Asks: 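Pasting in a structure now, in structure tokens, and then I'll have a few things to ask.
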Amino acid sequence: MSSMTVETKPPVRTKRSKGSVDTLPSGALRVRVYAGADKLTGKPNYLQETVPAGPDAERIADQVQRRLLTSLDEKRHPKTRATIDRILDEHFEHLDVERSTKIRLVRLAKTHIRPLIGAEQAGAMDAERWDRYYAELRRCRDHCANPNFTQHRTGRRHTCDARCRPHQCKGLGDWTIRKTHSLLSGAYKRAKRWEWVTVDFNDLAEAPTAPAPDPEPPSPEEAALILNAAWKDIFFGTLVWTAFTTSPRRAEICGFRWKDFNSKRKVLSVRRNVVQDGKDMWVKPPKNSHRRNIALDNETVAVLQDYYDYCVTEAAKVGLKVTDESYIFSLSPNGSTPYKPETLTQRYNRLADRLGINTTIRRVRHYSATELIIAGVDIRTVAGRLGHSGGGTTTLKVYAAWVSEADQRASKILMEHVPLRPSAPHNPIERAKTDPQAPYEVIAAEIRRQIISGALCDGSPAPTVKSISAKHNASTGTAHRALGLLRTWGLVSDTSRGIRSKVTYTTKSDSTTLDIPTQTNAAPRTQEEDVALLDLRLLKDGAALFSFSTAADPTNPTHLQRLLKRAAKRQGILPGDFDDLELEVRRAGDPTLLTTFLAC
């Protein structure tokens, strides 16, 4: 007798095409309608809904069953019970965007989507649930359940200070919410195309309104303050100057190489972006792959050329070379690594905070665009100079041939609205003579003035560490550093065992401060010449151009003539325009005007 295998099916109360109604222990009715196999797991997929117990429960259950069956017949039911987490995972796996963009989107989902609605079934989210979700995003960006807690500055063990403060709920910005909406819309669109869901996300969730643009560029006065403060360091001064005059994005200015700078054509080419994500940093093509050439004015060309010479000199000191592949802005001596974008942002913000200016490095682009538009430059030229693909004009595609006469005019107009570059010395040792900043520099500069003025004569005993500490209320280390700086300047002799150091000032020992061209046939300085540290100010037609300090004889017309001509050349003034120049002469630290020297 042969055996037979009989395949059995799970018992149901009614046919699957009509669904079933089960009574739960609580008396409620559960309506289930079979909707085929799940497209992800292959398991049975049911549309179900629970009707609370009551006298009308059976009638309501019958209505629910008919509604679910209608949804099944019209194919408006989801083919899977996939959660929002699952459709996001699949969306990211097939998303074709740049690496930096994908990193930001994944982080956005991890922070503001998955913790709140990630476990929800994608096809079961209705309009009310989406409204509640967006309301939570506007309430608190930390999505706190209880706002009464201390928000610590770090998750590590630490001692709390002023940075650890009570939590204050602050919602996400409009742009962040719009990015979240765009990400969810893309994930739902893909899921609908795969028939995982049947609902249209944009029919259920209302897109947040785009905020009105508010550039808030710095004023010309604020731009002048920022540029003058940045010039205390030639590296950062050149970087900020280039940002104001060429309007690149933050990632673009960090990606400039020396091969992108063409001094003959007066062009700076945008060819790459430097992207940073935490400790990771990589190079990619410019935004939207739009390469472009930016026309430069004569002063910016001179700034970059001077900075190139400085970089070559500094690299040679450590046995390295600067090549065409070297990054223009780099903390490496040979420019082998780019300047980090986050470091640029932090340093610029600290500079602005010290000056009391509410601005960011991003607003430098706003400043350039505003000044160009005010000056009457056409929108097409402004959009091309900033690297914008739209702006109401045809996208400029061939950037190699884009440097036009209009862009050349734009570079000149922009230069008329930025402050003049100060002629501060690039060497920090020389800078300390006229612009001391550290405590030991202030002490050394004060002793230097005493030596130049004759209060400390050549050959007299130099101040000791003990006397400097007592007079200036400074530590021993600060006094040692001040004496070391004076020795570097050649104003104090080295100390030998048992012999006290002496003042070694002559007219040549501090020649770097004399801003006067030396001549091989110059007559020796007479005793009547009153060499002193002077504060000088160059004027043209009564308007001040810039101020500087140097040691010279205020009664010697030859000295003053040379100083005036040297200052005029630094400002790019041609010899034919010297007739309108004046030089105000004052003793250092004394506001009394000694004389006004006229060009002749």
Side-chain angles (χ1 to χ4, degrees), residues 97-104 107 226-227 230-263 267-294 296 300-301 303-352 359-365 368 385-387 399-400 426:
V97 293
E98 292 183 353
R99 175 184 174 186
S100 57
T101 303
K102 191 170 185 177
I103 289 175
R104 288 194 295 268
R107 185 180 294 119
I226 293 171
L227 279 168
W231 271 117
K232 292 182 179 180
D233 174 17
I234 182 175
F235 164 77
F236 200 60
T238 305
L239 190 153
V240 175
W241 179 280
T242 305
F244 269 94
T245 56
T246 61
S247 317
R249 296 178 176 87
R250 183 187 71 166
E252 292 171 347
I253 195 170
C254 293
F256 285 140
R257 297 181 188 263
W258 283 115
K259 66 180 181 181
D260 301 326
F261 170 53
N262 191 322
S263 59
V267 166
L268 187 61
S269 302
V270 178
R271 295 290 181 268
R272 67 198 63 81
N273 281 1
V274 175
V275 184
Q276 181 183 1
D277 182 66
K279 296 182 179 180
D280 296 333
M281 190 166 59
W282 64 92
V283 178
K284 69 170 189 177
K287 186 174 182 180
N288 300 324
S289 299
H290 290 161
R291 299 183 178 185
R292 67 187 188 278
N293 296 329
I294 304 175
L296 304 178
T300 301
V301 172
V303 167
L304 290 173
Q305 189 62 52
D306 291 345
Y307 179 62
Y308 175 77
D309 296 338
Y310 169 80
C311 292
V312 171
T313 302
E314 293 299 310
K317 291 180 181 179
V318 293
L320 299 175
K321 292 183 179 180
V322 175
T323 66
D324 289 345
E325 295 295 329
S326 300
Y327 287 95
I328 296 180
F329 302 108
S330 171
L331 297 181
S332 304
N334 61 343
S336 58
T337 57
Y339 196 48
K340 294 182 178 179
E342 291 295 335
T343 304
L344 168 58
T345 297
Q346 293 168 8
R347 184 170 182 180
Y348 187 89
N349 290 347
R350 288 195 299 267
L351 174 64
T359 188
T360 61
I361 189 67
R362 180 185 180 88
R363 294 178 183 174
V364 173
R365 286 168 56 80
S368 301
R385 190 173 181 86
L386 297 178
Y399 286 100
H426 298 156

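Owing to the predicted nature of the structure, the values given are computational and were not obtained by experimental measurement. The residues of the chain are indexed from 1 along the displayed sequence.
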Asks: Locate the shortest heavy-atom distance separating Ala243 from Pro248; write the atom from each residue and the value.
Replies: O-CD, 3.7 Å

Asks: For the atom pair OG1 (Thr246) and CG (Asn293), what is the distance rounded to the nearest 0.5 Å?
Replies: 12.5 Å

Asks: Is there a side chain to side chain contact (heavy atoms under 4.5 Å, CB included) between Phe236 and Leu344 once you walk through the steps?
Replies: CA-CA 9 Å; Phe236 200 60; Leu344 168 58; 4.0 Å; yes

Asks: Measure from the side-chain N and O atoms of Gln276 to the backbone N and O of Glu342, and report whether any donor-acceptor pair falls under 3.5 Å.
Replies: yes

Asks: With heavy-atom distances below 4.5 Å as the criterion, would you say the side chains of Tyr327 and Ser332 are in contact?
Replies: no

Asks: Could you report the tightest heavy-atom contact between Val322 and Pro333, atom names first, then the distance?
Replies: CG2-O, 4.2 Å

Asks: Kindly say whether Arg271 contributes a backbone atom to a donor-acceptor pair with the side chain of Ser269 at under 3.5 angstrom?
Replies: no

Asks: How about Thr345 and Thr360: do any of their side-chain heavy atoms sit closer than 4.5 Å?
Replies: no

Asks: Go through the steps for Val364 and Ile226 under the test side chain to side chain contact (heavy atoms under 4.5 Å, CB included), then give the verdict.
Replies: CA-CA 11 Å; Val364 173; Ile226 293 171; over 6 Å; no

Asks: Got a second to check how far Lys259's NZ is from Thr323's OG1, nearest 0.5 Å?
Replies: 9.0 Å

Asks: Would you find more than 12 non-hydrogen atoms of other residues, nucleotides or ligands less than 6.0 Å from Lys340 atom NZ?
Replies: no

Asks: Less than 4.5 Å apart, side chain to side chain, heavy atoms only: is that true for Arg365 and Arg249?
Replies: yes

Asks: Can you list everything that forms a ring-ring contact (aromatic ring centres under 6.0 Å, His included) with Tyr339? Sequence neighbours excluded, please.
Replies: Phe235

Asks: Any side-chain heavy atom of Leu296 sitting closer than 4.5 Å to one from Thr245?
Replies: no

Asks: Tell me the closest heavy-atom pair linking Pro286 and Val270, and the distance in Å.
Replies: CG-O, 4.1 Å

Asks: Do Thr242 and Leu268 have side chains that approach each other closer than 4.5 Å (heavy atoms only, starting at C-beta)?
Replies: yes

Asks: Between the main-chain N or O of Arg257 and the side-chain N or O of Asp260, is there a donor-acceptor pair closer than 3.5 Å?
Replies: yes

Asks: More than 12 non-hydrogen atoms from neighbouring residues, nucleotides or ligands closer than 6.0 Å to NZ on Lys321, yes or no?
Replies: no

Asks: Nearest 0.5 Å, please: how far is OH in Tyr310 from CD1 in Ile234?
Replies: 6.0 Å

Asks: Of the non-hydrogen atoms in Ser100 and Lys284, which two are nearest, and what is the gap between them?
Replies: OG-NZ, 3.1 Å

Asks: Hey, does Cys311 have a side-chain heavy atom less than 4.5 Å from the side chain of Trp258?
Replies: yes

Asks: Is there a donor-acceptor pair under 3.5 Å between the side chain of Tyr307 and the backbone N or O of Ile328?
Replies: yes

Asks: Decide yes or no on side chain to side chain contact (heavy atoms under 4.5 Å, CB included) for Phe261 and Val267, but give the supporting numbers first.
Replies: CA-CA 6 Å; Phe261 170 53; Val267 166; over 6 Å; no

Asks: Can you find a pair of side-chain heavy atoms, one from Trp282 and one from Val274, that are under 4.5 Å apart?
Replies: no

Asks: Asp309 versus Val312: any side-chain heavy-atom pair under 4.5 Å?
Replies: no

Asks: How long is the span from the CE atom in Met281 to the OG1 atom in Thr343, to the nearest 0.5 Å?
Replies: 8.0 Å

Asks: Taking side-chain contact (heavy atoms from CB on, under 4.5 Å) as the criterion, tell me which of Asp306, Leu304, Asp233 meets it with Thr238.
Replies: Leu304

Asks: Let me see the working for Arg99 and Asp277 under salt bridge (Lys or Arg N to Asp or Glu O under 4.0 Å), right down to the final yes or no.
Replies: CA-CA 10 Å; Arg99 175 184 174 186; Asp277 182 66; over 6 Å; no

